[in-house]
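Reviewing the structure listed below.
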Amino acid sequence: MSSTTTVAVPEVALRHGNARPMPAIGMGTANFPVVHETIRDAVVAAAELGFRHFDTASMYGTEPPLGDALAEALRHGLVASREEVFVTTKLWCTQCQPHLVLPSLRQSLQNLQLEYVDLYLIHWPVSLKSGPMVFPAKREDAVPFDFEGVWRKMEECHRLGLAKAIGVSNFTTTHLDKILATATVKPSVNQVEMNPVWQQRKLREYCAEKGIHVTAYSPLGGQNWSGEGNAVMDSEVLAEIAKARGKSLAQVALRWIYEQGVTPIVKSFSKERLKQNLEIFDWELTDDDRLKISQITQKKMVTVKGFFSSEGVFDSVHLADMEIVEA
């Protein structure tokens with residue numbers, strides 16, 4: 001292995017559960033189609049640079065290459081021990097039924113070659129009939145979500161030590177209210193789409209009050225389901241700030257997210273960009289930069305409407321109940 005300078009990444013303590021502190025930036029692994037070697041090699045390269053926080057999901061199909069990469073990183077001494085790494089995976093909608101939660105996590109752990117994950121998330125506030133994972137989902141497969149029953153089983157995953165912390169993803173304050181009404185172990189994290197073009201102020205305020213840490217997917221606007229260009233990377237406001245600071249536009253977006261107390265989950269398989277993504281901790285935006293970013297026109301990319309195919313009908317649920325845009 002070539003010698004590379006490893007960046008020391010700050011960490012944030014999670015308020016609920018007993019996970020180790022979460023590194024303040026994570027590497028995302030969602031990539032379609034899944035090319036095992038590409039993902040494995042990118043994760044090994046990221047570990048060499050200093051990434052210690054890795055995010056996957058059963059839906060992505062990237063648990064096996066991530067597991068192989070972590071095993072390799074440990075073998076080569078790029079990572080000193082399992083305890084040094086923070087791994088998140090997620091429960092897919094077809095498994096969002098109480099009796100399927102634990103088996104789903106056990107399968108994920110097998111895929112990852114791990115005895116526990118640091119964080120286990122409910123991927124969407126959507127429950128689908130059991131069956132193969134397909135995307136977009138069929139409308140007629142949507143079924144009512146048993147928030148209390150599913151969360152009880154998430155708590156069991158935590159009690160058994162298979163998930164050091166548990167949480168949710170794509171949940172609004174309405175969905176979180178349902179979980180918190182019956183939770184014994186509170187969700188430690190809510191992972192949502194967040195970037196300078198979708199700032200999630202109301203949701204972040206709520207989560208701060210409840211001690212729920214927010215992590216941001218699509219921090220650079222990557223998950224664009226509308227196909228209308230990338231509002232983050234095409235932002236003139238961010239481009240101007242980047243030029244003035246002598247940074248890349250991506251670094252400005254990631255730094256802004258970090259300054260909001262949120263952990264970005266950023267996906268890149270290029271070693272040079274992975275390295276740049278870590279170089280956000282030793283400088284600051286100015287008050288003027290922050291003001292300009294606060295005034296950026298807001299636009300959400302990922303929606304529950306885009307989650308389902310346009311054909312078919314919802315038999316037993318309302319689309320509004322699954323809405324992920326904060327009212």
Side-chain angles (χ1 to χ4, degrees), residues 12-19 22 55 57-59 88-109 116-130 137 141-194 200 202-217 262-263 304 307 314-327:
V12 57
L14 299 178
R15 297 270 297 278
H16 310 299
N18 58 354
M22 174 190 277
D55 182 277
S58 57
M59 177 55 179
T88 300
T89 194
K90 310 180 194 84
L91 176 76
W92 186 241
C93 309
T94 50
Q95 322 296 128
C96 275
Q97 295 161 42
H99 70 288
L100 296 176
V101 175
L102 197 50
S104 188
L105 177 54
R106 289 195 194 279
Q107 181 59 59
S108 288
L109 291 172
Y116 67 89
V117 288
D118 299 272
L119 180 62
Y120 195 40
L121 304 179
I122 298 173
H123 205 150
W124 278 74
V126 173
S127 183
L128 298 172
K129 289 174 186 167
S130 301
D141 285 349
V143 293
F145 197 119
D146 177 2
F147 285 98
E148 184 175 358
V150 169
W151 191 253
R152 286 272 169 272
K153 291 299 180 180
M154 293 290 286
E155 291 179 336
E156 189 178 345
C157 293
H158 173 64
R159 265 199 315 278
L160 293 169
L162 303 177
K164 299 290 184 185
I166 49 177
V168 296
S169 177
N170 293 304
F171 272 45
T172 61
T173 55
T174 305
H175 301 129
L176 284 165
D177 280 340
K178 290 178 181 174
I179 297 282
L180 291 171
T182 62
T184 307
V185 180
K186 288 183 182 175
S188 56
V189 167
N190 186 15
Q191 182 179 125
V192 294
E193 180 187 8
M194 186 199 148
Q200 296 273 26
K202 181 183 170 186
L203 181 66
R204 285 193 282 124
E205 237 169 70
Y206 173 100
C207 287
E209 274 172 27
K210 308 290 185 187
I212 299 169
H213 183 63
V214 175
T215 59
Y217 72 77
V262 173
T263 300
V304 75
F307 180 95
F314 294 105
D315 298 324
S316 58
V317 289
H318 294 290
L319 191 61
D321 294 337
M322 302 178 283
E323 184 52 74
I324 66 166
V325 178
E326 193 60 49

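The backbone N or O of Val185 sits nowhere less than 3.5 Å from a side-chain atom of His158 that would complete a donor-acceptor pair. Although no hydrogens or angles enter the test, the distance criterion places no donor-acceptor pair under 3.5 Å between the side chain of Thr88 and the main chain of Leu121.
Note that CD of Glu156 and OG1 of Thr184 are 12.0 Å apart. Values are rounded to the nearest 0.5 Å. For the atom pair NZ of Lys153 and CZ of Arg159, the computed distance is 8.5 Å after rounding to the nearest 0.5 Å.
Side-chain contact between Leu119 and Thr215: absent, with no pair of heavy atoms (C-beta onward) separated by less than 4.5 Å. No side-chain heavy atom of Gln200 sits under 4.5 Å from any side-chain heavy atom of Val214. Under the 4.5 Å side-chain criterion, counting only non-hydrogen atoms from C-beta, Val126 is in contact with Val304. Side-chain contact between Met22 and His213 is present, with heavy atoms from C-beta onward closer than 4.5 Å. Between Ser108 and Ser58, the closest side-chain pair of non-hydrogen atoms falls below 4.5 Å. Residues Ile122 and Trp124 are not in side-chain contact: their nearest non-hydrogen atoms beyond the backbone lie 4.5 Å or more apart. Inter-residue side-chain proximity for Pro144 and Ser127 is flagged as unmet; no heavy-atom pair is nearer than 4.5 Å.
Among residue pairs with one or both ends in residues 177-191, none qualify as salt bridge (Lys or Arg N to Asp or Glu O under 4.0 Å); sequence neighbours excluded.
Summarising the geometry of Ile212 relative to Val189, their closest heavy-atom pair is CG2-C, 3.7 Å, with the distance given to 0.1 Å. Across all non-hydrogen atoms, the minimal contact from Tyr116 to Gly161 is CB-O, 3.3 Å.
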Test Thr94 against Lys129 for side-chain contact (heavy atoms from CB on, under 4.5 Å), laying out the working first.
-> CA-CA 6 Å; Thr94 50; Lys129 289 174 186 167; over 6 Å; no

Show the numbers, then the answer: is there a salt bridge (Lys or Arg N to Asp or Glu O under 4.0 Å) between Lys202 and Glu205?
-> CA-CA 5 Å; Lys202 181 183 170 186; Glu205 237 169 70; over 6 Å; no

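Note: Tyr120 and Trp92 fail the aromatic proximity criterion, with ring centroids not under 6.0 Å apart.
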Which pairs of donor and acceptor atoms, one on a side chain in residues 95-106, lie under 3.5 Å apart (sequence neighbours left out)?
from  : atom 1 : to     : atom 2 : distance (Å)
Gln97 : NE2    : Leu128 : O      : 3.1
Gln97 : NE2    : Ser130 : OG     : 3.4

Please list, one pair per line, the donor and acceptor atoms closer than 3.5 Å that link side chains of residues 162-173 to other protein atoms, with sequence neighbours excluded.
from   : atom 1 : to     : atom 2 : distance (Å)
Ser169 : OG     : His123 : O      : 3.4
Ser169 : OG     : Gln191 : O      : 2.8
Asn170 : OD1    : Tyr217 : OH     : 2.6
Asn170 : ND2    : His123 : O      : 3.0
Thr172 : OG1    : Thr174 : N      : 3.4
Thr172 : OG1    : His175 : N      : 3.4
Thr172 : OG1    : His175 : ND1    : 3.1
Thr173 : OG1    : Glu326 : OE2    : 2.5

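Taking the side chain to side chain donor-acceptor pair (under 3.5 Å) definition, one finds that Ser188 meets it with nothing, sequence neighbours left out. Residues satisfying the side chain to side chain contact (heavy atoms under 4.5 Å, CB included) criterion with Asp321, sequence neighbours excluded, are His318. Residues forming a side chain to side chain donor-acceptor pair (under 3.5 Å) with Glu155 (at least two apart in sequence, or on another chain): Trp151, Arg152.
Under a cutoff of 6.0 Å and an axis angle of 45°, Lys210 and Tyr206 form a cation-pi pair.
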